[in-house]
Engineer: 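Dumping the structure here so I can ask a few things about it.
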Amino acid sequence: MEANNLADFPRPVHHRIPNFKGSQQACYAVRELDVFNKTSEVKVDPDKPLEGVRLVTLQARKTLLVPTPRLRTGLFNKIVPPPGATKEILRICATSQGVKDYSVPIGLDAKVHVDLVVVGSVAVSEKGWRIGKGEGFADMEYAMMVSMGAITEDTPIVTIVHDCQVVDIAEELLDDHDLTVDYILTPTRTIKTGCKRPKPQGIIWHKISYEMLERIPILKNLRYREKQAGKDVMLKDEHPDFPNARKPADSDENAKTGNTKLQTESTSAQIGHRHVGNDSLSTKSETHGALTTVYVGNIPPGTRVSELKSALREFHASPLRLSWQGAQGRAFLDYTDKMTAESVVSSLKGLSLRGQTLRVEMAKNQRNKGQVEINGQRNKYE
């Protein structure tokens with residue numbers, strides 16, 4: 001594409017989903033598809049060559065969902081144009097900057113039903129076999145959507161590419177987690193692939209490594225949910241066929257977000273003693289110096305502190321100290337330093353207990369003597 005000057009900004013197009021001259025024309029062809037016109041909710045990847053599809057989706061007043069970049073902070077952002085948005089504002093909303101400025105995060109508990117998925121590709125065959133840029137994010141996003149019930153095997157998949165990207169692909173290059181497509185739109189053609197190869201049926205946990213689990217926090221949330229549902233969530237690193245396979249108990253030690261001292265000290269501190277009179281949880285451990293506190297809110301009525309502790313252990317986020325205020329639907333978690341606390345907040349995004357998404361954030365106005373302030377309300381728990 002570069003050699004023949006078919007590429008478009010940003011260039012060079014190596015190591016990315018390539019933008020190309022004529023991408024807008026190819027994107028606008030989506031309006032001719034019945035599967036687009038019948039939809040109300042469309043998920044479109046954030047790649048530059050798909051900008052036209054995002055614009056057409058907004059112009060048609062359909063719900064537009066865009067994955068968060070590299071899945072760092074969650075799965076979806078819903079693009080919400082301001083009331084009375086002009087054509088120019090909608091055009092901005094369809095850009096990468098618009099995704100940042102006009103989006104609202106969508107949690108795992110949101111009732112999302114995606115009618116159409118649009119992905120970018122590096123190459124695709126007329127049979128519907130697709131190759132991405134090699135990092136697996138489109139495949140992972142699809143598997144996550146299956147796991148959270150947002151799509152079914154009948155949900156159509158569309159890709160937008162230049163004609164030169166439509167090539168023969170050997171089937172042996174495909175794996176069982178690779179996403180296939182049903183429609184290919186180019187500047188000159190609309191191809192219905194009729195692909196019969198099964199799409200991924202959810203997250204294939206034995207292909208997920210601990211490194212990936214740490215890199216994509218939302219994976220931890222989905223794994224926790226599926227484990228609670230009794231599904232097999234053994235990771236690649238734990239599989240017996242994997243060289244130097246870890247035992248689950250051993251891997252917990254290696255995958256934790258904090259340092260060794262944090263995990264060791266939390267063994268006794270996280271147990272604590274319940275005071276029946278004030279529904280709090282305190283410890284008789286010595287005072288730790290300057291700690292960083294994380295606020296956990298929106299805890300469902302009737303939730304036991306043991307349920308929160310279990311979830312924290314599952315996410316390798318056990319604190320040095322936990323203050324439980326179940327009657328007020330909140331808890332406070334103390335960590336040794338800000339970096340550890342911020343990592344915990346990132347890991348616990350989208351966490352739910354009893355079907356209700358928790359609110360997890362850094363406590364406002366950190367106090368070293370056990371006082372924190374949340375939205376103007378001071379809480380003293382020592």
Side-chain angles (χ1 to χ4, degrees), residues 73-74 107-108 213-214 217-218 220-221 223-225 252-253 255-275 278-354 356-382:
T73 58
L108 289 178
L213 203 67
E214 292 300 317
I218 193 174
K220 292 183 180 180
N221 295 316
R223 185 179 186 233
Y224 176 72
R225 292 179 180 216
D252 287 348
E253 183 68 21
K256 60 193 175 184
T257 57
N259 54 35
T260 304
K261 181 180 179 182
L262 170 62
Q263 187 72 15
T264 304
E265 290 182 340
S266 69
T267 302
S268 60
Q270 69 184 358
I271 297 175
H273 301 280
R274 177 186 296 278
H275 295 278
N278 59 13
D279 191 28
S280 67
L281 186 75
S282 64
T283 68
K284 294 185 178 180
S285 60
E286 61 181 295
T287 301
H288 302 273
L291 302 176
T292 303
T293 303
V294 171
Y295 168 76
V296 180
N298 203 34
I299 298 175
T303 301
R304 297 176 179 272
V305 66
S306 59
E307 295 176 60
L308 177 60
K309 289 180 184 177
S310 176
L312 293 174
R313 284 193 294 270
E314 191 72 30
F315 287 91
H316 316 295
S318 297
L320 284 172
R321 187 167 49 201
L322 188 157
S323 174
W324 176 252
Q325 298 181 7
Q328 290 77 40
R330 64 192 182 195
F332 296 89
L333 316 176
D334 282 343
Y335 295 92
T336 52
D337 54 66
K338 185 177 179 181
M339 182 179 297
T340 301
E342 288 176 341
S343 177
V344 167
V345 170
S346 177
S347 294
L348 298 182
K349 277 189 179 297
L351 175 65
S352 66
L353 291 177
R354 300 192 175 193
Q356 187 164 306
T357 302
L358 304 184
R359 175 185 169 194
V360 184
E361 60 188 41
M362 301 291 287
K364 308 295 191 300
N365 299 334
Q366 299 282 338
R367 308 294 179 98
N368 292 342
K369 294 185 178 181
Q371 289 186 336
V372 296
E373 190 171 313
I374 302 294
N375 294 335
Q377 292 187 330
R378 179 176 294 182
N379 172 63
K380 185 175 182 179
Y381 59 97
E382 283 198 323

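Values in this document were obtained by computation on a predicted structure and should not be read as measured data.
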Engineer: Drop me the distance from L320's CG to D337's CG, to the nearest 0.5 angstrom.
Structural biologist: 9.5 Å
Engineer: Within the distance-only criterion (no hydrogens, no angle test), does the side chain of Y224 pair as donor or acceptor with the backbone N or O of S352 below 3.5 angstrom?
Structural biologist: no
Engineer: About how many Å separate OG of S343 and NE2 of H316, when rounded to the nearest 0.5 Å?
Structural biologist: 11.0 Å
Engineer: Sub-3.5 Å donor-acceptor pair from the side chain of R321 to the main-chain atoms of L291, do we have one?
Structural biologist: no
Engineer: Which pair of heavy atoms, one from R354 and one from P301, lies closest together, and at what distance?
Structural biologist: NH1-O, 4.0 Å
Engineer: Determine whether L322 and V305 make a side-chain contact, defined as any pair of heavy atoms from C-beta on separated by less than 4.5 Å.
Structural biologist: yes
Engineer: Side-chain contact, heavy-atom cut-off 4.5 Å: T292 with T340?
Structural biologist: no
Engineer: Would you say the side chain of T303 lies within less than 4.5 Å of the side chain of L308, judging by non-hydrogen atoms?
Structural biologist: no
Engineer: Could you state the interatomic distance from CE (M362) to CG (L333), rounded to the nearest 0.5 Å?
Structural biologist: 11.0 Å
Engineer: Please report the shortest heavy-atom distance between N298 and R359, naming the atom on each side.
Structural biologist: CB-N, 4.0 Å
Engineer: Run L358 and L348 through side chain to side chain contact (heavy atoms under 4.5 Å, CB included) and show every step you take.
Structural biologist: CA-CA 9 Å; L358 304 184; L348 298 182; over 6 Å; no
Engineer: What are the two closest non-hydrogen atoms of A311 and L351, and how far apart are they?
Structural biologist: CB-CD2, 4.2 Å
Engineer: Closest approach of R313 and S318, non-hydrogen atoms and distance?
Structural biologist: CG-OG, 3.4 Å
Engineer: So V296 and R330, do their side chains get closer than 4.5 Å, heavy atoms only?
Structural biologist: no
Engineer: Hey, are the side chains of W324 and I299 touching, using non-hydrogen atoms and a 4.5 Å cut-off?
Structural biologist: yes
Engineer: Are F315 and V344 side-chain neighbours, meaning at least one heavy-atom pair lies under 4.5 Å?
Structural biologist: no
Engineer: Please name the pair of heavy atoms, one in P319 and one in Y335, separated by the smallest distance, quoted to 0.1 Å.
Structural biologist: CA-CE2, 3.5 Å
